[in-house]
2 protein chains.
Amino acid sequence: MSDLGFKAHDHSDCVNSAISAAEARCAAFDLRLTPVRRRVLELLLAEHRALGAYDILAQLSAEGLGAQPPIAYRALDFLVKAGFAHRIEALNAYIACTHLGADHTPAFLICRSCQSVAESDTAMTQGRLGDAARAAGFHIEHTVVEAQGLCPACQAQDAAS
Amino acid sequence: MSDLGFKAHDHSDCVNSAISAAEARCAAFDLRLTPVRRRVLELLLAEHRALGAYDILAQLSAEGLGAQPPIAYRALDFLVKAGFAHRIEALNAYIACTHLGADHTPAFLICRSCQSVAESDTAMTQGRLGDAARAAGFHIEHTVVEAQGLCPACQAQDAAS
DNA sequence: TCCGGTGTTGATATGTTATAACATACACTA
DNA sequence: TAGTGTATGTTATAACATATCAACACCGGA
Ligand SMILES: [Zn+2]
Ligand SMILES: [Zn+2]
Ligand SMILES: [Zn+2]
Ligand SMILES: [Zn+2]
């Protein structure tokens, strides 16, 4: 479990270690972190916020790395398949993984005010949903768990105003 | 908890009671179940499957009830706000509520093969996600819990082939 | 009865997100 | 060198969603 994203931390460290971990994983599994893919990962890592595919695309375009939607979508697909990023269904947007390398079932806390996102963890076969699935004979392959609300900072701001 | 949608049941009964409950709720809360809204609810109730806004719109259009996107979206918004339907984020689609009237926090089991959807229940402040949120000081307002996988029927079919 | 507020619908246009389809470049290897 | 697989480049379009303004009905109070 991690609430990174709502907490102060050494973020350049956070970015560097994520990139290193991605490189290591690519080397280990024979994946290619090409320039576009690497840049998209960097963009996602820049803040603990979800970015839409077209936000990404605008950046890539500004940097001369490609201007058509598939450029962004293919890079994002690669990152998601490789486990370097996650898609946030409730926002139609993408975020860098903060548990890079570890096998995990992500869950997200999404602030509706500042759009910051923290990645937590669930065990998809546990809890009430797991019980319901077992009772129904349903075989879970993937879970989407996304909580929306207010992060600590935005609650404080709300209270102040 | 309910795994309706994967189980055989008297579906016309299922539809009728849902419509009745919706009517009762509209009467009680001074909401208006207008012809378009009622028809959209019926369409969503027809099967335990999620329908896209444009699927709905195509039906409405064929029946002369409106042909522009806002017609469908307004009706869907009403149904969702009234608690008569839910939006499935992972599919960008909508489904009728099977706990109509009861105050609840829905969770969904979505079959990737036959697209049928069963509505279950979660307690959003419970479980690991609730723990994570509390630890982070995050205030949860709404949760999206959607499990994707294979329903019992499709597992059987898979095994047979 | 008239009027103004509110809520619903009708219609056009536009914005946003995502993929299909096809062509090309490039690296590896048989 | 020819063949294979992966990644890119490019055009077009599909699919999902909202903004905006006009018209109309319904209801309570003047
Ligand atoms: Zn960080
Ligand atoms: Zn916030
Ligand atoms: Zn039914
Ligand atoms: Zn199925």
Side-chain angles (χ1 to χ4, degrees), chain A residues 22-23 25-27 29-41 43-44 49-82 84-95 110 115 144 146, chain B residues 22 25-27 29-41 43-44 49-82 84-95 110 112 115 144 146:
Chain A
E23 281 170 346
R25 222 173 144 78
C26 283
F29 291 93
D30 194 27
L31 302 173
R32 273 174 269 182
L33 196 61
T34 62
V36 174
R37 293 170 177 178
R38 187 196 180 92
R39 186 67 190 124
V40 172
L41 179 56
L43 291 170
L44 291 177
R49 277 183 52 226
L51 296 178
Y54 283 74
D55 296 334
I56 298 287
L57 184 59
Q59 269 299 316
L60 293 179
S61 178
E63 298 172 12
L65 285 170
Q68 303 81 22
I71 300 287
Y73 280 101
R74 288 198 278 235
L76 288 166
D77 284 352
F78 168 84
L79 295 173
V80 168
K81 283 214 184 91
F84 300 163
H86 302 292
R87 176 177 162 81
I88 307 292
E89 297 291 348
L91 303 177
N92 293 331
Y94 302 82
I95 190 163
I110 305 163
Q115 282 78 52
V144 173
E146 301 171 1
Chain B
R25 222 173 144 77
C26 283
F29 292 92
D30 194 28
L31 302 173
R32 273 175 270 181
L33 196 61
T34 62
V36 175
R37 293 168 176 180
R38 187 196 179 92
R39 187 67 191 123
V40 171
L41 179 55
L43 291 170
L44 291 177
R49 277 183 51 225
L51 297 178
Y54 281 72
D55 296 335
I56 299 286
L57 185 58
Q59 269 299 315
L60 292 180
S61 178
E63 297 171 13
L65 286 171
Q68 304 80 23
I71 300 287
Y73 281 102
R74 286 197 281 236
L76 288 167
D77 284 352
F78 169 84
L79 294 173
V80 168
K81 282 214 184 91
F84 300 165
H86 302 292
R87 176 178 162 82
I88 308 291
E89 297 291 348
L91 302 177
N92 293 331
Y94 302 81
I95 190 161
I110 305 163
R112 69 166 157 80
Q115 283 78 52
V144 174
E146 301 170 1

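Per chain, numbering begins at 1; letters A, B, ... match sequence-line order. No hydrogens, no waters, no symmetry mates; every other heavy atom, side chains included, goes into these values.
- To the nearest angstrom, C1' of D:dA15 lies 16 Å from CD of B:E89.
- Applying the salt bridge (charged side-chain N to carboxylate O under 4.0 Å, His left out) definition to pairs two or more places apart or across chains, those involving residues 85-95 of chain A are A:R87-A:E89.
- As a whole-Å value, the separation of B:L33 CG from C:dT8 P is 11 Å.
- Atom CZ in A:R38 sits roughly 16 Å away from atom P in D:dA7 (whole-Å rounding).
- Residue A:R32 places no side-chain N or O under 4.0 Å from the OP1 or OP2 atom of C:dC26.
- For B:R74, the side-chain hydrogen bond (donor to acceptor under 3.5 Å, both in side chains) criterion is met by no residue, not counting sequence neighbours.
- As rounded to whole Å, 14 Å separates atom P of C:dT12 from atom CG of B:L57.
- The distance between atom CG of A:L79 and atom C1' of D:dA7, rounded to the nearest whole Å, is 14 Å.
- Among pairs with a residue in residues 63-73 of chain B, those fulfilling side-chain hydrogen bond (donor to acceptor under 3.5 Å, both in side chains) read B:R39-B:E63, at least two apart in sequence or across chains.
- With rounding to whole Å, A:L31 atom CG is found 15 Å from D:dG5 atom C1'.
- Side-chain contact check for A:L76 versus A:V40: some heavy-atom pair is nearer than 4.5 Å.
- Mapping B:A53 and A:F78 onto DNA chain D by nearest heavy atom places A:F78 closer to the 5' end of the strand.
- Rounding to whole angstrom units, CG of residue B:D77 and P of C:dT8 are separated by 12 Å.
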Pull out every protein N or O sitting under 3.5 Å from an N or O of nucleotides 9-12 of chain D, one pair per line with the distance.
residue	atom	partner	partner atom	Å
D:dG9	N7	A:R74	NH2	2.6
D:dG9	O6	A:R74	NH1	3.2

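- Between B:I56 and B:L44, some side-chain heavy-atom pair lies under the 4.5 Å cut-off.
- Not counting sequence neighbours, the partners of B:R37 by the side chain to side chain contact (heavy atoms under 4.5 Å, CB included) test are B:R32, B:L33, B:T34, B:A75, B:F78.
- Applying the side-chain hydrogen bond (donor to acceptor under 3.5 Å, both in side chains) rule to pairs touching residues 50-62 of chain B yields nothing, sequence neighbours excluded.
- At a threshold of 4.0 angstrom between heavy atoms, the contacts of B:Y94 are confined to the sugar-phosphate backbone, with no base atom among them.
- Judged by distance alone with a 3.5 Å cut-off, no donor-acceptor contact links the side chain of A:Y73 to the base of C:dA20.
- Put simply, CG on B:L76 is 11 Å from C1' on D:dA17, counting in whole angstrom units.
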